[in-house]
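Before any comments, here is the structure.
For ligands, and for the atoms within them, numbers begin at 1 and follow the listed sequence. For the single chain, residues carry numbers from 1 onward in sequence order.
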Amino acid sequence: MAKFLTSEQELAAITASTTDPKQMRIDEVADELALLAAAVAYHDRLYHGADDPVISDAAYDELVRRNRDLEALFPSLVRADSPSARIGTPMDGSFSKIRHARPMLSLSNGFSDDDITEFVARVRRFLSLNHSDELALTAEPKIDGLSLSLRYEGGELMQAATRGDGSEGEDVTANIMQVDAIPKQLAGTPPAILEVRGEIYMDREDFLALNEAQQAGGGKLFANPRNAAAGSLRQKDASVTSGRKLRFFAYSMGECSAEIAGTHWDFLATLTSFGFAVNTLSARCLSVAELLDTYKAIGDARATLSYDIDGVVYKVDRHDYQSRLGQVARAPRWALAHKFPAEQAQTIIRAIDIQVGRTGALTPVARLEPITVGGVVVSNATLHNEDEINRKDIRIGDTVVIQRAGDVIPQIVRVIKDHRPTDSTEYKFPELCPVCGADAIRPEGEAVRRCTNGVSCDAQRLEWLKHFVSRDAFDIEGLGARQIEQFTELGWVALPADIFRLHERQEEIATLDGFGEISIRNLMTSIETRRTIGFERFIYALGIRQVGQATARILALHYDSLDKLLTAIAPGADSEAAMAELVEIDQVGALMASDIITFFLAQANRDMVIDLASEVTIIPPDRPADNSPVSGKTIVFTGTLAGISRAEAKARAESLGAKVSGSVSAKTDFLVAGADAGSKARKAGELGVTVLDKNAWLALIDK
Ligand code: IVH
């Protein structure tokens with residue numbers, strides 16, 4: 001047996017030997033263990049890094065098992081780099097998780113100059129600024145890479161995490177330790193705890209060189225520098241990361257034990273003094289005009305930069321303003337990404353297919369002659385709906401202009417009519433669901449045609465289950481689209497609760513292609529870890545029409561427990577009262593309320609939810625500031641509060657755990673009445689609701 005392996009082909013060809021270990025000499029065992037370690041590490045690299053495994057899970061499991069058997073008989077031969085030492089870390093492609101001390105937010109997007117004007121006006125309104133009050137904003141290039149959070153304690157790099165879902169990321173510390181561009185020890189006098197966030201990316205030139213090397217070695221090619229950076233970071237074997245040229249720009253802050261700057265601009269300067277690279281194209285601006293000038297300047301420089309950028313990020317400079325502005329859903333109110341226009345290309349539509357989504361919506365998809373746009377091969381584009389096809393007069397065989405911006409699904413901009421084939425015919429939108437054959441109905445005044453078969457339609461059920469396990473819902477790793485499809489086809493999973501009963505089918509699962517001992521064990525572990533779930537995720541996972549993450553959270557906070565929700569909206573209960581209660585919740589409109597009620601009144605849904613609840617433990621939502629004097633109280637604002645905008649007052653109340661409602665009722669705890677309070681103040685008087693003026697309100701919340 002060869003002691004040293006030179007080629008990947010040799011590594012790929014290694015299979016688990018069946019020679020009885022008791023018949024082997026000790027040097028043969030040592031050789032075999034060396035080989036197994038190299039082979040398993042090689043497959044791990046392929047599996048976790050390039051997403052392109054070359055052996056089945058079962059063959060991989062055999063290697064691991066053989067290694068374990070040999071080690072059991074010859075414990076003195078266990079190697080430092082033994083695969084068994086790594087089994088503790090999940091082998092399903094994930095790294096261990098790190099909960100961010102402060103969530104990693106994303107950014108709202110703007111596209112036009114008007115969007116920027118409106119953003120700045122909104123910020124000014126929120127802060128109640130006068131015309132003459134200065135509002136400085138920074139403008140920085142938006143780097144097209146991956147965001148990363150670096151935690152320093154006593155100036156020493158302790159932890160590095162990817163963004164993940166914003167609350168929880170992946171622990172990539174070992175890999176980041178190999179990246180020269182990231183300081184391991186800060187210069188100057190940093191605070192005891194400092195989390196620095198920024199973008200890890202790869203220069204275009206390094207990306208091209210990497211792809212050349214990958215090609216020469218028969219490895220997988222990366223589509224663009226961003227994917228190359230992601231692939232290089234998410235390596236189980238940190239030595240692979242070490243060979244990749246990753247770079248980093250620092251641009252924001254997570255947890256910080258001491259105030260190090262009063263403005264973002266000063267913060268960036270401080271980061272430089274600690275030893276970070278900060279983008280030098282950034283500018284501090286005092287007006288919309290200056291922001292737009294900077295946008296143009298950065299856009300002009302774009303082609304000459306060594307790295308990819310996809311827009312410009314504007315941030316309110318003053319940190320005290322930033323904290324007053326806070327955030328909506330998952331993006332700060334104090335920042336905006338001004339995206340560069342989408343890249344365009346021409347191609348031909350080969351076919352139009354209909355996809356049936358989770359809520360039954362029939363979405364037409366154009367199958368395109370594959371074409372590269374902005375570094376990514378595009379072969380599908382969304383056509384949105386029936387009207388869109390008619391409006392743009394799109395036909396099969398047409399030459400079209402398509403565009404793609406960032407991670408957005410490619411879109412069709414227009415048809416080049418001159419290139420239309422003479423025999424083309426108009427596309428006729430189906431009136432039956434192409435998957436189950438049921439009627440697909442388009443209600444008067446709506447753009448979307450929907451299959452009427454609910455989850456009896458295979459496509460709807462499948463999409464619904466995929467949504468259920470997706471990242472923002474139950475987030476069950478190892479249970480992706482493919483596995484869900486397999487399990488539903490076999491009839492093992494028809495409803496969400498069935499997922500939590502899959503442990504009873506482990507033996508059957510083991511008979512399926514692509515499932516080995518380790519992947520089953522990992523799947524069972526990830527299902528078990530999700531048996532405890534936050535109420536907001538639980539609601540979001542149900543896939544109720546119109547109920548996204550933000551609404552799910554609002555509902556969770558409002559109803560507090562599944563019992564209360566199911567009691568408030570129940571077949572026997574007063575549905576008008578339930579409706580009234582829902583629309584009174586801020587941000588829940590009548591249409592959304594009616595979808596929510598329809599969902600919870602249907603007996604099949606109630607059974608499904610109760611069945612699911614019997615398998616899991618639901619934890620009540622984290623209430624902001626549980627101990628504040630207004631937590632749990634219902635508050636209505638009316639009239640103008642000098643110096644505080646309505647939006648800020650509301651956001652502040654909510655951050656203290658209060659519910660803000662739009663109208664006064666017997667359930668209102670406080671009416672905060674500013675100048676010119678009208679009918680609401682009268683109504684509060686009639687109902688005996690406590691009325692507070694601005695000062696009384698501020699005194700109450702400052703308690
Ligand atoms: S600030 C709370 N600044 O864009 C604000 N983000 O689309 C956090 N990004 O997740 C982000 N360049 O990965 C900020 N100069 C920059 C950025 C930047 C790139 C990325 C970041 C973020 C994403 C949002």
Side-chain angles (χ1 to χ4, degrees), residues 100-111 115 119 123 137-150 160-170 172 181-182 195-203 224-227 229-230 233-234 246-256 261 263-265 267-269 271-272 276-285 291 294-295 297-299 301-302 305-319 321-340 342 405-408 471-472:
H100 297 303
R102 298 237 191 104
M104 286 183 80
L105 303 177
S106 54
L107 295 170
S108 310
N109 291 327
F111 297 92
D115 292 346
F119 162 67
V123 167
L137 296 108
T138 59
E140 322 165 12
K142 184 169 187 301
I143 316 298
D144 197 7
L146 286 91
S147 49
L148 198 68
S149 187
L150 304 169
T162 61
R163 177 168 180 275
D165 64 2
S167 313
E168 226 178 44
E170 288 178 322
V172 289
I182 288 177
E195 283 182 8
V196 171
R197 288 160 180 187
E199 203 81 352
I200 189 153
Y201 67 97
M202 195 180 277
D203 268 353
N224 50 43
R226 184 179 186 283
N227 287 9
L233 185 61
R234 298 184 81 262
L246 292 170
R247 295 170 201 267
F248 184 75
F249 279 126
Y251 54 61
S252 83
M253 180 160 64
E255 190 183 344
C256 183
T263 65
H264 183 59
W265 193 244
F267 170 67
L268 292 177
L271 285 179
T272 315
F276 289 100
V278 168
N279 197 290
T280 50
L281 295 172
S282 306
R284 183 172 179 272
C285 306
L291 290 175
T294 310
Y295 175 78
I298 294 177
R302 188 180 185 192
L305 299 177
S306 56
Y307 47 88
D308 284 350
I309 61 175
D310 58 351
V312 175
V313 183
Y314 306 132
K315 299 173 188 168
V316 170
D317 195 30
R318 278 173 57 163
H319 282 167
Y321 282 173
Q322 289 189 1
S323 41
R324 278 175 61 191
L325 285 154
Q327 67 188 72
V328 232
R330 313 201 127 241
R333 277 197 197 83
W334 46 264
L336 186 78
H338 190 177
K339 302 298 278 285
F340 290 134
D407 294 335
V408 181
R471 195 161 84 172
D472 294 329

Quiz item: Checking salt bridge (Lys or Arg N to Asp or Glu O under 4.0 Å) against D310, which of R226, R302, K142 comes through?
Solution: K142
Self-check item: Min heavy-atom dist K315 to ligand 1 below 4.0 Å
Solution: yes
Quiz item: Which atoms of ligand 1 have any heavy atom of W334 under 4.0 Å away?
Solution: 2 (C)
Quiz item: Which protein non-hydrogen atom lies closest to atom 10 (O) of ligand 1, naming both residue and atom, and how far is it?
Solution: S147 OG, 3.7 Å
Practice problem: May I ask you to check if ligand 1 and L146 share an N or O to N or O distance below 3.5 Å? | Solution: no
Quiz item: What protein heavy atom sits nearest atom 12 (N) of ligand 1, and how far away is it?
Solution: I143 N, 3.0 Å
Exercise. List the atom of A181, the atom of L246, and the distance in Å for their closest heavy-atom pair.
Key: CB-O, 3.6 Å
Practice problem: Answer yes or no: does an N/O atom from Y251 fall short of 3.5 Å to an N/O atom of ligand 1? | Solution: yes
Self-check item: Cationic N near anionic O, under 4.0 Å, R102 to E195
Solution: no
Quiz item: Which of these, Q322, K142, H264, E199, has its nearest heavy atom closest to atom 7 (O) of ligand 1?
Solution: K142
Quiz prompt | Nearest neighbour in protein (non-hydrogen) for atom 15 (N) of ligand 1 | solution = E140 OE1, 2.9 Å
Self-check item: Least distance between heavy atoms, C285 atom then L291 atom
Solution: CB-CD2, 3.7 Å
Quiz item: Within less than 4.0 angstrom of ligand 1, does P141 place any heavy atom?
Solution: yes
Quiz item: Is a side-chain N or O of E170 found less than 3.5 angstrom from the main chain of G164, in a donor-acceptor match?
Solution: no
Self-check item: Contact summary for G169 and H100, nearest pair of heavy atoms
Solution: N-NE2, 3.5 Å
Exercise. Measure the distance from atom 8 (C) of ligand 1 to every protein heavy atom, then report the residue, atom name and distance (to 0.1 Å) of the closest one.
Key: L105 O, 4.1 Å
Self-check item: Nearest atoms (heavy-atom pairs only) where L271 meets Y251
Solution: CD1-N, 4.3 Å
Quiz item: Nearest heavy-atom pair of F267 and A261: which atoms, and what distance?
Solution: N-CB, 3.5 Å
Quiz item: Is P332 in contact with ligand 1, taking contact as a heavy-atom separation below 4.0 Å?
Solution: yes
Practice problem: Specify side chain, backbone, both or neither for Y314, according to which of its non-hydrogen atoms lie closer than 4.0 Å to ligand 1. | Solution: neither
Quiz item: Nearest protein heavy atom to atom 5 (C) of ligand 1, by residue and atom, and its distance?
Solution: L107 CD2, 3.8 Å
Practice problem: Please name the residue in the list R318, E140, H319 that meets the side chain to side chain donor-acceptor pair (under 3.5 Å) test with H264. | Solution: E140
